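This report refers to the structure that appears directly beneath it.
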Amino acid sequence: MNLFKRFQSEIVAVVEGLVAEHLLPPGLDTGRITAEPPRDPSHGDISTNAALVLAKGAKTKPRELAEMLAGRLGKHGGVISAEVAGAGFINLRLDDGFWRDRLIDVLVSGTAYGDSDIGKDAGKVNVEYVSTNPTGPLHIGHGRGAVFGDVLASLLEKAGFDVTREYYINDAGKGGQIEALARSVYHRYREALGEDPGEMAEGLYPGDYLIPVGQAIAERDGKKWLSKPEAEWMEHCANVGSDAMMALIRDDLEALSIHFAEEEFISERELHRRGKVDKAFNWLEQKGLIYTGVLEPPKGKIPDDYEEGREQPLFRTTDFGDDVDRPLKRANGNWTYFAADIAYHRDKFDRGFTTMIDVWGADHGGYVKRMKAAVEAITEGKGELDVKICQLVNLSDGGKPVKMSKRAGDFVTLREVVDRVGKDVVRFIMLTRRNDAPLDFDLEKVTEQSRDNPVFYVQYAHARAHSIFRHAHREFPGIDISPHNLAKGPLERLTRDDEIALIKLLTTWPRQVESAAETHEPHRIAFFLLELAAAFHGLWNKGNDDASLRFLVPGDEALTAARLALVRGVQLVIASGLGVLGVEPVEELR
RNA sequence: GCGCCCUUAGCUCAGUUGGAUAGAGCAGCGGCCUUCUAAGCCGCAGGUCGGAGGUUCGAAUCCUCCAGGGCGCGCCA
């Protein structure tokens with residue numbers, strides 16, 4: 001439990017005590033009481049709104065109630081003052097000894113500091129991300145979703161949730177992208193056999209990455225498919241093509257340290273094969289959520305093959321907040337993508353996931369309402385879906401925009417970016433912006449060793465701590481710098497405000513983890529690390545002006561040990577945070 | 001035409017899920033500095049939180065309307 005929650009429950013206990021003594025009326029709603037670090041540190045260490053929230057129910061003035069509560073809270077261990085301020089806030093100040101004990105907590109816990117159990121009773125959580133069609137390599141935008149999803153999953157794990165990661169393979173699509181893939185593969189196959197199929201048709205995938213796929217088929221099957229009609233080679237080319245592309249995609253993901261186990265790949269084709277789509281449809285029909293109707297023509301661009309006024313089964317998604325009812329079957333009798341997606345989410349729910357998180361790209365924003373509606377319908381309100389939309393990544397190189405047109409050869413793949421700047425850099429940068437805001441990614445800037453580069457800034461803080469320990473060994477041979485030993489050191493030598501302030505910042509880490517996990521906002525971890533790194537660098541810099549403020553104090557091993565404990569605490573929390581981000585906490589920078 | 005997201009300092013962005021006098025980094029101005037190997041450092045200035053109403057003890061945060069920007073608007077995935 002984080003520090004602030006602990007105080008919150010202590011405050012609630014005080015209120016309940018006053019109720020028991022008949023000093024306050026029973027039935028007060030204590031649920032809205034908060035205990036938070038105030039924005040302005042001069043307001044103390046912990047601030048509570050208890051009096052403001054309870055005043056109305058208690059039929060007293062906020063400040064009066066605050067005085068009463070403050071009187072009790074002031075007697076709690078570690079509290080040196082409880083002051084009433086503003087409209088009725090109570091500001092608690094804790095003594096330095098209390099904070100030094102918290103540093104011990106950090107040292108004892110190590111990188112497990114920040115672990116939480118808020119997810120313990122929340123049920124199983126499913127995080128679905130990447131989920132691209134197996135039609136080509138990933139691009140930088142996919143990379144953002146991949147990192148976001150992966151880090152969100154780790155974050156939820158750290159917060160104690162039971163998390164499963166999943167990749168949904170859109171490999172069914174008859175008449176869709178999979179067929180386009182198959183034709184593209186066939187084109188390459190013909191080329192491999194020395195034929196000249198001419199220019200690749202519009203809508204196919206002209207990227208070089210399919211050349212080896214065509215070659216492989218040519219090598220294994222020879223001219224077997226050459227004279228056959230499309231109907232015969234289509235399935236084969238689709239299978240070989242999508243298998244090859246999945247292998248490619250997995251490889252791209254591994255380069256980013258993103259790994260899905262075999263059973264974490266869920267195939268759309270497989271859902272169809274196992275009858276899950278029919279099953280979901282029948283269920284909806286039985287619940288009276290399907291009716292036969294005619295859809296309004298689309299408002300935007302009318303498609304060429306648009307067919308007016310066809311009667312078809314429609315799903316009443318408008319009953320669950322969608323804008324229009326949605327078709328589940330296409331004119332050719334096949335299921336729509338949406339139908340399969342409903343079946344997939346139903347399947348998740350059936351497997352016990354009451355919380356589902358989908359990470360999608362910006363272009364799927366218009367799909368959110370219907371999917372949420374579908375989940376509400378198909379789980380009868382018992383399953384919850386949160387869709388996280390990742391906005392576009394604007395890639396540039398030294399300030400010059402990198403073109404990302406779909407035409408092959410003209411697009412930078414995720415893999416190329418990872419190979420150039422490294423996976424740690426890609427992972428971190430992807431979280432330096434909220435998911436719903438566009439992200440600028442400059443290939444040159446992100447590898448600079450400067451204050452402007454957040455990855456470097458945080459990594460450097462960790463490496464700098466390590467460097468201090470190396471020096472410590474030189475200055476005090478035989479000094480034991482293990483966290484366990486430093487925790488037993490003379491921490492009472494930490495007396496400076498800036499040192500205590502740094503400990504206070506460390507103690508907000510568990511709270512950061514919890515709030516980031518609850519809001520599904522992993523970027524908060526990156527921002528916290530930047531703040532912590534800045535505070536640590538700032539303290540280091542004070543040693544420049546005044547040598548007595550350095551972490552290593554020649555001739556005073558006790559003071560040095562105390563300060564090293566603080567450095568170690570910072571290093572551990574940074575490592576803990578980087579662990580969530582999946583970024584290596586380096587000990588040295590090159 | 002409709003839906004979703006966004007709008008916070010000159011620029012790029014945070015904002016503890018409704019708290020107190022809205023923060024940081026660049027850029028600007030003014031000083032200082034050469035290290036516990038490393039990013040130079042410190043300070044100053046900079047705001048009608050897009051606009052207008054509303055909800056309440058209290059709003060950048062929630063609701064309504066308006067303006068501007070992005071994305072989307074087949075029975076494609």
Side-chain angles (χ1 to χ4, degrees), chain A residues 4 32 34 36-40 43 47 49 52-53 55-56 61-62 85-89 91 131-133 135 170 172-173 175-178 180 268 295 297-307 310 312 322-324 326-332 334-341 361-369 389 391-392 432-434 436-438 440 448-454 456-457 460-461 463-464 467-472 474-475 508 511-512 515-516 518-519 521 523-524 527 530-531 533-534 537-538 540-545 547 550-554 567 588-589:
Chain A
F4 300 91
R32 287 171 60 215
T34 59
E36 310 180 303
R39 255 191 206 134
D40 184 345
H43 289 144
S47 171
N49 63 356
L52 291 165
V53 180
K56 196 174 270 184
K61 289 177 186 166
F89 287 97
N91 294 327
S131 296
T132 56
N133 308 320
T135 56
N170 298 141
Q177 282 143 356
I178 292 297
E268 183 186 356
L295 273 185
K299 297 290 187 203
K301 201 177 66 180
I302 304 293
D304 303 338
D305 57 349
Y306 178 70
E307 199 184 321
R310 191 171 70 83
Q312 57 180 329
D322 199 5
D323 303 316
V324 290
R326 303 291 175 178
L328 299 180
K329 272 185 179 174
R330 297 191 294 193
N332 64 8
N334 289 330
W335 293 112
T336 59
Y337 174 77
F338 184 45
D341 223 357
D363 52 341
H364 287 62
Y367 200 76
V368 176
K369 268 194 184 182
I389 297 289
Q391 285 299 329
L392 304 177
T432 53
R433 203 106 306 172
R434 272 173 30 215
D436 47 13
D440 294 323
E448 273 174 15
Q449 298 207 343
S450 80
R451 175 74 177 85
D452 300 346
N453 179 3
F456 172 75
Y457 197 61
Y460 179 32
R464 174 171 264 173
S467 151
I468 293 167
F469 293 127
R470 278 197 298 268
H471 273 81
R474 224 170 293 162
E475 191 70 39
T508 65
R511 196 165 173 273
Q512 296 284 348
S515 67
E518 275 171 347
T519 54
E521 291 185 351
H523 74 276
R524 293 183 185 213
F527 280 96
L530 276 167
E531 189 185 350
H537 290 311
W540 191 93
N541 282 320
K542 289 188 181 173
N544 280 338
D545 299 333
R550 295 184 178 183
F551 297 116
L552 302 179
V553 190
V567 173
E588 219 168 349
L589 293 167

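Note that the structure is a prediction, hence the values are computed from the model and not measured. Every heavy atom of this structure was used, including side-chain atoms; hydrogens, water molecules and symmetry mates were not.
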Looking at A/Q312 and A/L295, what are the two nearest heavy atoms and their distance? NE2-CD1, 4.0 Å

Could you check how far NE2 of A/H43 sits from C1' of B/A22, rounded to whole Å? 13 Å

A/R511 to A/F4, cation-pi by 6.0 Å centre distance and 45° axis angle: yes

From the list B/A77, B/A20, B/A38, which nucleotide is the closest neighbour of the side chain of A/Y337? B/A77

At less than 4.0 Å, is any side-chain N or O atom of A/R330 found next to OP1 or OP2 of B/A77? Yes or no. yes

Test for a donor-acceptor pair under 3.5 Å between the base of B/A77 and the side chain of A/T336, counting only N and O atoms. no

Check whether any side-chain heavy atom of A/E448 sits under 4.5 Å from a side-chain heavy atom of A/F456, and report yes or no. no

In whole angstrom, give me the gap between the P atoms of B/G54 and B/A45. 35 Å

Whole Å only: how far is the CG atom of A/D322 from the C1' atom of B/C2? 12 Å

Look at all strands and tell whether A/Q312 reaches a base, only sugar-phosphate, or nothing, counting heavy atoms closer than 4.0 Å. base

Is the base of B/G19 syn or anti, where syn means the angle lies within 90° of 0? anti

Classify the nucleic acid contact of A/L589 as base, sugar-phosphate or nothing, counting any heavy atom under 4.0 Å across all strands shown. base

State, yes or no, whether a side-chain contact exists between A/I468 and A/L552 at a heavy-atom distance under 4.5 Å. yes

P-based separation of B/A24 from B/G18 [nearest Å]: 24 Å

Counting a pair only when it is Watson-Crick or G-U and both distances are under 3.5 Å, which runs of at least 3 such pairs involve RNA chain B? B:1-7 with B:67-73, B:10-13 with B:23-26, B:28-32 with B:40-44, B:50-54 with B:62-66

B/G72 C1' sits how many Å from A/D363 CG, rounded? 8 Å

Report the distance from atom CD of A/E475 to atom CZ of A/R470, rounding to the nearest 0.5 Å. 15.5 Å

Could you tell me how far B/C73 sits from B/U17 if I compare only their C1' atoms? Round to whole Å. 31 Å

pair A/F89-A/H43: side-chain heavy atoms closer than 4.5 Å: no

Tell me: CG of A/L52 to C1' of B/C57, nearest whole Å? 7 Å

Using a heavy-atom cut-off of 4.0 Å across all strands, would you classify A/A85 as base, sugar-phosphate, or nothing? base

Over how many whole Å does the gap from A/N133 atom CG to B/C76 atom P extend? 14 Å

Base, sugar-phosphate alone, or nothing: which one does A/K369 contact when heavy atoms must sit under 4.0 Å apart? sugar-phosphate

A/R39 versus A/S47: any side-chain heavy-atom pair under 4.5 Å? no

Nearest-angstrom distance, C1' atom, B/A59 to B/U64: 15 Å

Can you measure A/K56 atom NZ to B/U55 atom P for me and round it to whole angstrom units? 13 Å

Which atoms form the tightest heavy-atom contact between A/N49 and A/R32, and what is the distance? ND2-O, 3.4 Å

Hey, are the side chains of A/I389 and A/D436 touching, using non-hydrogen atoms and a 4.5 Å cut-off? no

C1' spacing across the pair B/G25 / B/G40, given as an integer number of angstrom: 16 Å

Taking the side chain of A/S467 as heavy atoms from C-beta outward, which of B/A20, B/A38, B/A77 is closest to it? B/A38

What does the B/S/- profile of nucleotides 39-47 of chain B look like, 5' to 3', with a 4.0 Å heavy-atom cutoff to protein? B-S------

Within the 4.0 Å heavy-atom criterion, would you say A/Y367 contacts the bases, only the backbone, or no part of the nucleic acid? base

Is there a side-chain contact (heavy atoms from CB on, under 4.5 Å) between A/N544 and A/W540 once you walk through the steps? CA-CA 8 Å; A/N544 280 338; A/W540 191 93; 3.8 Å; yes

Round to the nearest Å and state the distance from A/L392 atom CG to B/C6 atom P. 15 Å

In 5'-to-3' order, the base (B), backbone-only (S) or no-contact (-) status of each nucleotide in nucleotides 9-17 of chain B, using a 4.0 angstrom heavy-atom cut-off, is ---SSSSBB

How many Å lie between CH2 on A/W335 and P on B/A77, as a whole number? 14 Å

Going by atom types alone, do A/Q177 and A/N133 pair a side-chain donor with an acceptor below 3.5 Å? yes

Would you say A/H537 and A/R464 are linked by a side-chain donor-acceptor pair, where the criterion is simply a distance under 3.5 Å? yes

If you look at every strand shown and take non-hydrogen atoms under 4.0 Å, does A/E448 touch a base, only sugar-phosphate, or nothing? nothing

Interatomic distance at C1', B/A77 relative to B/G68, whole Å: 32 Å

Minimum side-chain heavy-atom gap A/K369-A/D323 below 4.5 Å: yes

Could you classify B/U34 for me, syn or anti, using a glycosidic angle within 90° of 0 as syn? anti

A/F551 side chain reached by A/F469 side chain, heavy atoms, under 4.5 Å: no

Sticking with atom C1', work out how far B/U35 lies from B/G28, rounded to a whole angstrom. 28 Å

Gap in Å between the two P atoms, one belonging to B/C71 and one to B/G31, rounded: 46 Å

